[in-house]
Structures are given as C-alpha cells and as structure tokens.
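Structure, as structure tokens:
Only a predicted model underlies this, so the values are computations on that prediction, with no experimental measurement involved. Note on naming: letters A, B, ... go to the chains in the order of the sequence lines (proteins, then strands), and numbering restarts at 1 for each one.
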Amino acid sequence: MRKEDMIVLENKEIARDIFEMKLGGLLVQDITEPGQFLHIHTSPQPFPLLRRPLSICKTNKAEEYLTVIYRAEGEGTRLLSACSKGSTLDVIGPLGHGFPVSDVSPGEKVLLAGGGVGVPPLYDTGHALKEKGVDVTTVIGFSDKGTVFYEDPFRDIGRVFVSTADGSYGTAGFVTDVMEKEKLAFDRIFACGPVPMLKALETKYPEAEGCISLEERMGCGIGVCLACVCHTRQDPDGSDYRKVCSDGPVFPWKEVVL
Amino acid sequence: MRKEDMIVLENKEIARDIFEMKLGGLLVQDITEPGQFLHIHTSPQPFPLLRRPLSICKTNKAEEYLTVIYRAEGEGTRLLSACSKGSTLDVIGPLGHGFPVSDVSPGEKVLLAGGGVGVPPLYDTGHALKEKGVDVTTVIGFSDKGTVFYEDPFRDIGRVFVSTADGSYGTAGFVTDVMEKEKLAFDRIFACGPVPMLKALETKYPEAEGCISLEERMGCGIGVCLACVCHTRQDPDGSDYRKVCSDGPVFPWKEVVL
Amino acid sequence: MSRIAVELPGLSMKNPIMPASGCFGFGEEMGSLYDLNELGAIALKATTREPRFGNETPRVAETAAGMLNAIGLQNPGLQKVISEKLPKLKSIETPLLANIAGTTMEDYEEVAADLSGTGRVNALELNISCPNVKEGGIAFGTDPSLAAELTERVKAVSSVPVYVKLSPNVTDITDIAKAVERAGADGLTLINTLSGMKIDRKSRKPLLANQAGGLSGPAVKPIAVRMIHEVRRQTQLPLIGMGGISDVEDIIDFIIAGADAVAVGTANFTNPFICPELSRGLEKWLAQEQYTHLYDLQPKEVHSVE
Amino acid sequence: MSRIAVELPGLSMKNPIMPASGCFGFGEEMGSLYDLNELGAIALKATTREPRFGNETPRVAETAAGMLNAIGLQNPGLQKVISEKLPKLKSIETPLLANIAGTTMEDYEEVAADLSGTGRVNALELNISCPNVKEGGIAFGTDPSLAAELTERVKAVSSVPVYVKLSPNVTDITDIAKAVERAGADGLTLINTLSGMKIDRKSRKPLLANQAGGLSGPAVKPIAVRMIHEVRRQTQLPLIGMGGISDVEDIIDFIIAGADAVAVGTANFTNPFICPELSRGLEKWLAQEQYTHLYDLQPKEVHSVE
Ligand SMILES: Cc1cc2nc3c(=O)[nH]c(=O)nc-3n(C[C@H](O)[C@H](O)[C@H](O)COP(=O)(O)OP(=O)(O)OC[C@H]3O[C@@H](n4cnc5c(N)ncnc54)[C@H](O)[C@@H]3O)c2cc1C
Ligand SMILES: Cc1cc2nc3c(=O)[nH]c(=O)nc-3n(C[C@H](O)[C@H](O)[C@H](O)COP(=O)(O)OP(=O)(O)OC[C@H]3O[C@@H](n4cnc5c(N)ncnc54)[C@H](O)[C@@H]3O)c2cc1C
Ligand SMILES: Cc1cc2nc3c(=O)[nH]c(=O)nc-3n(C[C@H](O)[C@H](O)[C@H](O)COP(=O)(O)O)c2cc1C
Ligand SMILES: Cc1cc2nc3c(=O)[nH]c(=O)nc-3n(C[C@H](O)[C@H](O)[C@H](O)COP(=O)(O)O)c2cc1C
Ligand code: FES
Ligand code: FES
C-alpha cells in the first residue's frame, strides 16, 4: 500500500453518469490481484473529508496506469467527474484482497456476474483468467440502456450477455434471469454488484464455487476503524466478523452474511 | 447590489503574495463610488463558508470589468490566487459606501495615504479625483521592497511617495514619516490601511478634513449580522455604533473609534 | 392547497422557511434585496429591555464548515424596536416571530408583554440559549425548572403564542423540552449555537474578543438533526428546526427528523437570497417527487401537529 | 533536550502526538505502514470485559467537515486483548494508553485490573463518554458523582495512572472534570465525539443502523478547543486534547488552549501516515520559530504540569 498523488491521464463519461478515469503512478506496480481497490480523496481541498473506495478496473503495469470506472452520484464522485486531465488525486492503494485467479485451473469455465458499478473489478479479473486459458463467460446487468458500459471490452475476453432491468437493451431482467434463460453452466463464479444481486446468486446457486465482492461504507479503508465489518455465516455466538476493506472486498461464496 | 458569477479575466501575482485579479460582469455597472467593496465566495465548493471582503481597485464600465488586489494569506485568499482565467467566482457587490469624491472641489489638494493592501481602493478614488481636476498626491507604505505595488499606476494620477518599513525601498519608515519628511500639505486626506497607520494619521492630523476606510471581520457584508460594528467617538452612553459593511467601510475623519 | 404552506401556533406560513434570529436583523436590509412577503415567517433579532451594544470585535470567526459568532445580543432595546423597527415591517404580511432575551425573569416578562401588545408580532421566541453573554439567560436554558418557570411567567403576560428556543449545550435537551412543554410553551425552536472557540494563529490567543462564541453552519447540522429527532419523540409541540441548513435537501432532512418548519441562519451570509430560493426549490422538488404536502415526507408516527 | 518531548503521568512521550482511541485499532495494521516507535504514545481501541461485535452497518457517515461513527465498541474482549493484541506490541517502545469501557463499575474494575496488570500498558483511559452504546457508560460520563465513584474504584485497582475521557455532550464539562480530579484521576482526555445524526437521502431514514452516531473531525474542533480552554482553567490535571486535529497549526491551537499532549483520530482515515508527519512537522515548525519547547507556546498562567 502507498499514498500517492496520481496523475489524471483521462476522465470521460462512457455512459450516463458513468465515468472512466485513467490514473498514472507508481502505485500501479503494487497491484497483486484483480479486484483490489483504491481509496481516493476526491478533492484537492480538505473536504469532502472521507476518501471514496473505487475498484481497480484495468491495470497496465508497463505503461504504469490503471483505470477506474465510477458513477458520479454523490458529492465526492461528482467532484471526481470534474477532475481535468493533468490534475492529481491523492490516492491510497492498492487495498484489500481481490479475486483468487491463482486458484483457477486452465480450461475451467468461469462465469463473471456483474451489476452496475460492480462490473469494473471483473474486467481485470476476466483478463487474468483469459491469459491463464480459462473459459470466461460474462453476464452484466444494468438499469437501462443508457447506463450500459464495457460490453465490447468484455467481448475480447469471452462470451458476453447483457441485461437491463427495464428491458431497454439486451435481455430484460437481472443477471440471474439471463443465466437461467441461457442455461449458463460454470465451474466457478465471480460476482460483484448490488447486494440484492449477490443474494439472488447465492440463493440460486447455493453449492457454487466462487467469490463475491462486497461494498460497505468505509472510514479508513485499511482495517483500523471497524466501520466496514460484516457477519460470517458460520458464527454460533455472533462475534465473528470480516472487514470488507482488509479481509475483502472479495470473499468466498457464502462465507459472509449479505 | 447583486449576486453574480463573475468571470476571472486575469489573475496574476504583481508583488510577493500580492495578486491582481480582473473580474468581468454586470455588477460593474452598479458601482457608484470608489472605495466600495465586493464580498467574494473564494471557492466553487461550499467551503470556506464565509465570503471575503475585497475593495474594488479599478473600474472599467465600458469594458465591464473591475480589478481587485489582494494578499494571498489565509485559506480563502490562497484559493483565490489559484483561480484560473475563464473560471467564475460567486460575488456579491458593490457593497458599502466609498470615498465622497463628489464633496471635493476642483483645485483642492487631496492626499491619498495607503498602507499595504489598503492601497487598492485609493486607486479608483485618485482617478475620479484627477478627472475632477483635483490635485492628488499619493503616499503609500509597504513592509518591504518585495511587496510594493502600483507605484507606477499612481504616477498617472499625481505625485507618488513610497515608504517601506524596513527601508529596502523608498523612504524608510511609515506613511506618516514620509508626510513629515516631505512636509506634504493637503486640504483633504483619504486614507486606507492597517489600524495603527490610521490611528497615527488621526493623531498627527486631528483637525484634518477627510475620510478613512476601515477593515473588520464580517459575516454578512450587508448589514444584518452586526459582526462588523465599531464605536463612534461622540457617544456618551456607549450604545452608538456604525456597521463597517453598510455604513462604511469609508467613514469621516475621526467619526469612529479605531 | 399549497404543498409547502404550514400552520404553526401564531404563524400561518405560506412556506416552512424563515430566516433565523440574528441572521436577518429586523428585516430592513434584506427588504431592499427581495420582497419579504416571499418568506414563511421572519424571526427577528433578539430584543432586550435596554439597548445593548454587545461584545467588542472581532465578533465572528470562520471554522471548518462553520462559523463562530459572539455578537452579544446587540439591539436597540425594546422601546426603539417598537417605535422604529416594527413600523418598517407594517406593509408586509409575513408573520413575525420576535426573539426576546434578558437577564432576569422580569426582563423577559416586560419585553414579552410589550412586544406581544404591539399587535404586529405573531409569536414570541424565548431566547434562553444565547451562549455569548454571561448574563444572557444561559441558566434559563440549561436548568429545566428555571426554563419552565420562565415559560409560565411569559405565557401569563403574552397575548401571542410563545416558542422556547433550546440550547444544544446541555446533557439532555429533552429534559428542557419536556419541562417547557409542561409549562405551557406553544412550540420549540432548536438549535441555538454550540459554544466554541477559535485560536488566532497570529496572536496565539482566542480570536474573538469575547473568547468563546456560538458555532453555527453546516458543521453543526448532524447535532441539530439528532436533537430534533430526540425532541420530536419526547414532546407533542411543534418544532422549528435549524442548524446548518443551506439547501433543499437539508430542509428535507429536518422535516424527516421531525421539524414542522425550519429556520435558516448562517446561510443568509453566504447567499443573501437563500430563503426565497429555498422555498421555490422546495416547492419544485415536492412537485417533481409528487408529494402533495411537505409533511408526507414525515414518518406517520412522528408528526404530531394537526 | 527535545523540543517536542513531553512527560505525562505514565506516558513518557518523545512527541506530544498519539493516535486517538478507536482510530488505530490495536496498532497492527498501522504497524505495517510505518514504525510505531515514531509515535508519542498509542491510545488503543476500547476494551470491554466480553467480546463485542458492536452495531450493525452502516456504521459511518460523512458530514460537512466531519464524520459520524457508531462502531459500538467492537473489540475482541479483555482476554483476547491480553493474549493476542498486546503481545504484538511487545517489540515497540511507545507507551500505550489502554482505553477501557463497560456497563457496570465492576466491568471497568476488572478490565482495569487485568490490563494494568499486564505490565505492557502504561496508563488507562476510562471511556465514560461513548455516545454509541446505550449501556456503554454514558451515564458515567454525564453524572459527576458517578464519574467520581468510578474513577476512585478504578484507581484502587489499577497499577498504572488513570486518565478519564470526557464527553462533550454535557451542560458543563468542568463539573465532571473537577469531580474526577477530586476522585484521584491522573489526567483527562477530551473530547470524545458529539452525538449526531444523518438522514439518508435515499431511504429518508437515519443513515446509521444505530440511528445516532458520534461526530468527529474538523467540524468539532471549535467545541473541543473551547472545552479544553475551560477545563484547563478549572483543574490542575494534565490534558490530552483531541477533536478535529489534522495539521500542525491545529496542534498549536490545542496547546495554546491548554492541552499538554494531543490525540489524532479521524485524520488517520484521511491520511494513514498523519501521526509521524505531524510530529516531524511540529518539530520543524518549532525550530523555525525558535521555540525551545512546545510548552513555550502556552500562556504562563495556563500550564500546570511540571
Ligand atoms: C470496495 C469497494 C469498491 C467499490 N468500487 C466501485 C467502483 O468501481 N465504481 C463505483 O462507481 N463505485 C464503487 N464503489 C462504491 C463507491 O465507493 C460509492 O459509490 C462512493 O463512495 C459514493 O461516493 P459519493 O461521493 O458519490 O457519495 P456520497 O453520498 O457523497 O458519499 C458519502 C459517504 O458514503 C460513502 N458511500 C456512499 N455510497 C457508498 C457505497 N455504495 N459503498 C461504499 N461507500 C459508500 C462514501 O464513500 C462516503 O464516505 C465501491 C465501494 C467499495 C466499498
Ligand atoms: C471592506 C474591506 C475591504 C478589504 N479590501 C481588501 C483588499 O482590497 N485587498 C486585500 O488584500 N484585503 C482586503 N481586505 C482584507 C481581506 O478581507 C482579508 O485579508 C481577507 O478576508 C482574509 O481572508 P483569508 O482567506 O486570507 O484569511 P482567513 O484567515 O482564512 O480568513 C478567515 C476569516 O477571517 C476574515 N478576515 C481575516 N483577516 C481579515 C481582515 N484583515 N479584514 C477582514 N476580515 C478578515 C476573513 O474574511 C474570513 O472570514 C478588506 C477587508 C475589508 C473589511
Ligand atoms: C451572527 C448570528 C447572530 C445570532 N443571533 C441570535 C439571536 O439574537 N437570537 C437567537 O436566538 N439566536 C441567534 N443566533 C442563532 C441562530 O438563530 C441559529 O439558531 C443558529 O445560527 C443555527 O442556525 P444556522 O446554522 O442556520 O446559522 C445567531 C446566529 C448567528 C450566526
Ligand atoms: C471510528 C471511530 C471510533 C472511535 N472509537 C473510540 C473508542 O473505542 N473509544 C474512545 O474513547 N473513543 C473512540 N473514538 C473517539 C476518538 O478517540 C476521538 O475522541 C474523537 O474521534 C475526536 O477526535 P478526532 O476529531 O480527531 O477524530 C472513536 C472515533 C472514531 C472516529
Ligand atoms: S474501513 Fe476501517 S476497518 Fe474497514
Ligand atoms: S458584516 Fe454583517 S453587519 Fe456588517
């Protein structure tokens, strides 16, 4: 982990309110797993006070840059969206544990399931899997046509299915609807998205092998404040927990309570 | 008075930590007297919370811009100094009452006495006086050579004397030292600068006709919060007062307690 | 019916927004900027029996997302408020909430009787919570039984409804709220400022001449919201909420927490036009979100004013 | 002699800066980022007799220049703190201030006796001011006689100096300060967080699962400075000041107001490296300004620790 003023190399809207930002800096060299995240101070001024966690989407160690994709929604992400090329951002990272690509064997069938701004960390993950010779299928869901992003980049990795909740693009419904409709089979599943989506997946595929990536409101991002804890499923006395920031954000299938 | 997003037309350092900023906008047309001021929100973000009062230095109604000169010192003025050309600033103004140029008769000898960032409002004042055919002499004092500004522009208006506290430029000492040394005579004096300078002037020239311009910490800038009051000299029961923002910032010689 | 009109004791407000006491003087200056009839009500600057100059300057200081003030209840005194200030507000229809302060119970009684007797004042706001004057009623604001006694005595002499303005500088704000409710208060306004201090970086001493001052602005909003939420659950009284309001979303937060109307203080300094802007913004937002009335935002069990 | 070394009861600090309790865990994570020997001291996360999971999430919310937290004293409990957490701090020399919390006086006594008995803890910090757990000692923090009794009982069983951490959610913080001073406290730490609430703009309900949370960060600094200034004038005890410190100038403000050392909480989240950065920055600033010691900043009559 390091704290660095990263340089904004690019920052553009790629779907409605969805921005893709390219950041350059040494920190890129420290990334060990796809699915790790950054904790970003969104303004050169002291406020907003808290950093914003954003997943690393794409890593390019050779050219020393990475990409994040975020929805400009609240105060902090709106400030991010106004950052101009050449400005710097105070970033700490890489943080947390990503998807365990090293556990996957060549030839395995891996399904990537992403919802909304949960899609980004799956991109680097898919890439790493493909390089290993894994057979990757991607199913990504969005609210509507206007917010769909990264369909094409994922095509380079394998088959891609898109759903929208309002049916304005791809299959109408949720990621799980696509999976049923297309009867997608897989040896392992890596998922990231809103909690209802993750819950639906764990319920439909209780025996699956795989991982989910979780979101939680954070203070420190590095494991000291205990803001981001979640319960574990195997926890008779209710005292066991995981920290999303430092134990996660990626957890084994059904390890934690959603 | 209006509230306007004025456009930053220019913003440059003209002496050590002293910036000259040109602002364009309709507000310029409302200016009625030299010595009025603006109340500026120093950031496009909500904080710093309070506006900063800055005197109007130069007015150009034809081209609809004005100039302010400020010392970048605290949080707000440092943010101002980072404003780039083309950006906008939320400004209210013109506020307060300026120097009563209309009271001055052609041919009168007027002395302008300014100290540090008290110099700016005297510039428009001098100009207006000169246009009326008044004989203007300017004495301006600074801490040291590095912070001297606007000596040349004032030369267009009349004679100019400069002092520095450390003697690194012009006469060593204060504005009052120059006035004594040069035996400057005047019918009227308009002064703006730090309180010790104003006090020294009122003490040395108790019978002078003239005005001073005062600074005080402000809340509203428009007369509602009573943050900026000062006592008056003729005030038997201690209840009389003036508001610097709306009764001033320019007051008749010896009207208020310094 | 209007989406944003609200009825509070003595205050028939066409929108739920009023400038907070001390942040609007007696309306003269703002009246030259916009039509004061656009306001839901106006809380006037504190009036005391005798004229007060207040504290020496500096009287204000900036803090992170907030400001400190130590004006010290400067005002021209009861007689001049009646003879000079109120007449200037004759031509507008907006209800007036007269903030009154004092050192003794008798002070409050006299000011209350005379101001309510003018006919131009629609309700009184008992300022028992000004942190900036040592003798300024601060004990009335922190001691439930004193607060209750004062409320009772003022109610006895006032011909208009009486609101009590609560101090946040207390261990349990609901104690005072319940005490003044029992004593007959018609409503509560909260919160006044939190006592704070700033050190001047140059002199290395307290910056304000009064040393301490009252903290207001966005910094205190979470404290204000929490206190309104608490008080709402402990009393039936109408609540006028304030503390850091500066946009429409802030108003919504206060209404959800349990306020029946709101006051805007410090934000008037950032933007003198804020009150009418907020009432237009609130109306528009409610229309967009298809609420028929502001109070539909409140959880059912919470809203207690009919 | 060092310009920034300070001596407080039990805490021989090479610089006046420690991370505040709850903002540094038990030091493990930060220990992998920098050498913990750079710190003046470390205030550990609250320890309770039994393990606590704490409140449900969301546990934090952002506010204007501040944050709310409602962690709820999550900790592994006394036994695990002794067997697992403290041993990991063996190799560093930095003094440890163990923050202890409980529901009953007996809880505090047991935790105090056992932690002070480990030999690794240099002083105790009685957390009688956590606003986030209903049973979490809040009454001890608001009632001077309860606070005094608790202090006395803990002093009786502790083999190390005892600091009492004061709550700002009180009418008069000096009452509690004086009561615990008389009861034998060795020092005071202040302030804990202010109780606040944030409404979630989407659900229109309190955002934190616990509804209310504790406000910290720059927003509360003026309140903290005012309270330290007040307490300094009413007691002789050493004071560890905190509340919104995020730069060297903030530390100077606290020292001028009367603090003998400071703690940094929320700012660790903005910048995990802040504590060592501040101690280097403070040293440099004092050298530049030619102070021989930090305490030379304090007005003579104020500083009372020898
Ligand atoms: C590990 C992790 C990875 C993430 N990756 C991405 C990503 O790649 N792209 C993306 O668009 N979003 C991502 N998120 C969600 C993102 O952090 C929030 O959308 C963002 O913090 C909201 O900030 P704001 O300024 O828009 O909202 P504000 O409402 O101003 O935020 C206020 C506070 O709440 C927190 N907060 C609000 N919503 C969330 C949320 N959903 N999750 C966590 N904290 C929240 C903020 O961090 C901040 O502290 C991720 C979250 C986590 C925990
Ligand atoms: C009527 C008037 C006209 C002025 N004209 C000029 C000018 O033309 N050029 C110029 O450089 N300065 C001028 N000043 C002073 C200028 O307002 C302050 O230097 C400035 O507000 C300081 O802000 P900051 O962000 O640097 O300091 P900060 O320390 O961040 O300011 C904190 C708060 O203190 C207030 N404050 C601090 N110093 C002063 C001061 N000396 N006077 C009033 N408020 C202060 C700020 O406005 C702000 O509210 C004028 C002041 C007044 C009252
Ligand atoms: C400059 C100033 C003066 C004030 N004067 C008074 C007053 O005279 N009487 C009173 O009850 N409250 C007074 N207040 C408190 C406000 O009415 C209000 O309760 C407080 O500022 C919180 O609201 P805000 O955060 O919107 O400012 C004053 C506040 C400020 C900032
Ligand atoms: C996330 C978080 C957890 C905290 N946990 C504790 C705690 O366990 N015990 C305690 O005494 N104070 C706790 N505090 C309060 C801090 O120690 C400190 O008193 C307060 O945050 C003010 O300082 P700051 O503004 O620098 O954060 C906590 C604060 C935060 C933000
Ligand atoms: S965010 Fe602080 S422990 Fe996870
Ligand atoms: S600054 Fe508010 S009255 Fe002058």
Side-chain angles (χ1 to χ4, degrees), chain B residues 1-5 39-53 73-77 79 90-93 95-96 194-195 214-232 235-248 256-258, chain C residues 19 22-34 45-46 50-77 80 200-202 207-209 213 216-219 244 246-247 265-274 277:
Chain B
M1 194 278 269
R2 73 173 81 209
K3 176 167 177 294
E4 186 178 13
D5 285 333
H39 215 23
I40 305 185
H41 199 87
T42 56
S43 163
Q45 286 178 238
F47 312 111
L49 190 70
L50 294 177
R51 292 172 178 271
R52 301 296 191 264
E73 200 173 11
E75 193 187 353
T77 51
L79 283 168
D90 169 5
V91 177
I92 62 178
L95 299 175
V195 166
L214 263 193
E215 283 184 10
E216 190 49 80
R217 283 175 192 257
M218 293 187 174
C220 65
I222 57 175
V224 302
C225 76
L226 301 176
C228 66
V229 300
C230 53
H231 291 277
T232 57
D235 177 25
D237 69 353
S239 73
D240 195 27
Y241 66 93
R242 295 288 180 279
K243 296 185 258 189
V244 171
C245 67
S246 53
D247 298 323
V256 299
V257 178
L258 292 176
Chain C
C23 303
F24 210 75
F26 291 89
E28 292 166 69
E29 298 81 6
M30 290 290 194
S32 70
L33 298 186
Y34 60 83
K45 176 74 189 160
E50 305 302 329
R52 283 183 62 94
F53 179 81
N55 296 316
E56 295 307 316
T57 58
R59 289 177 170 189
V60 293
E62 191 176 56
T63 70
M67 67 174 279
L68 293 168
N69 89 80
I71 307 299
L73 300 180
Q74 175 160 13
N75 79 95
K80 278 208 179 149
D200 180 27
R201 301 199 162 175
K202 277 179 203 154
L207 191 152
L208 297 176
S216 63
S246 55
D247 63 23
T266 305
N268 286 289
F269 308 159
T270 315
N271 176 5
F273 301 95
I274 194 153
E277 281 177 19

Can you say whether [X] sits under 4.5 Å from chain B via the side chain, the backbone, both, or neither, judging by heavy atoms?
X	answer
C/Phe26	neither
C/Thr266	side chain
C/Leu208	neither
C/Glu56	side chain
C/Pro76	neither

Do B/Glu73 and C/Lys202 meet the salt-bridge criterion of a basic N to acidic O distance under 4.0 Å?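 Salt bridge present between C/Lys202 and B/Glu73.
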Quick one: do B/Lys3 and C/Glu277 make a salt bridge, cutoff under 4.0 Å?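 Salt bridge absent between B/Lys3 and C/Glu277.
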Does [X] reach the side chain of [Y], with side-chain heavy atoms less than 4.5 Å apart?
X	Y	result
B/Leu49	C/Thr270	yes
B/Ile222	C/Met30	yes
C/Pro218	B/Phe47	yes

Kindly give the heavy-atom pair with the smallest separation between B/Pro48 and C/Glu62, and that separation in Å.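 Heavy atoms of B/Pro48 and C/Glu62 come nearest at CB-OE2, 3.4 Å.
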Can you name the nearest heavy-atom pair linking C/Val60 to B/Ala227, along with the distance?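 Smallest heavy-atom distance, with atoms named: CG1-CB, 3.5 Å.
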Close aromatic pair by centroid cut-off 6.0 Å: C/Phe53 and B/His231: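 Between C/Phe53 and B/His231, the centre distance is under 6.0 Å.
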In terms of heavy-atom pairs under 4.5 Å with chain C, which of B/Gly221, B/Gly223, B/Ser239, B/Cys230 leads?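 Between B/Gly221, B/Gly223, B/Ser239, B/Cys230, the count favours B/Gly223.
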Do you know which of B/Asp90, B/Ile92, B/Leu226, B/Asp237 has the most heavy-atom pairs under 4.5 Å to chain C?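 Greatest number of close heavy-atom pairs with chain C: B/Leu226.
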Most chain B-contacting option - heavy-atom pairs closer than 4.5 Å, from C/Pro58, C/Gly25, C/Ala65, C/Pro51: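 The candidate making the most pairs under 4.5 Å is C/Ala65.
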Answer with side chain, backbone, both or neither: which region of B/Arg217 has an atom nearer than 4.5 Å to a non-hydrogen atom of chain C?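 Contact with chain C: backbone and side chain both.
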Distance (rounded to the nearest 0.5 Å) between C/Ile71 CD1 and B/Cys225 SG: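 C/Ile71 CD1 to B/Cys225 SG: 5.5 Å, rounded to 0.5 Å.
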So, taking the atom named NE2 in B/His41 and the one named CZ in C/Phe269, what distance separates them when rounded to the nearest 0.5 Å?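 That separation rounds to 14.5 Å.
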Sorted by number, residues from residues 240-247 of chain B in contact with chain C (heavy atoms, under 4.5 Å):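 From residues 240-247 of chain B, the residues near chain C are B/Asp240, B/Tyr241, B/Lys243.
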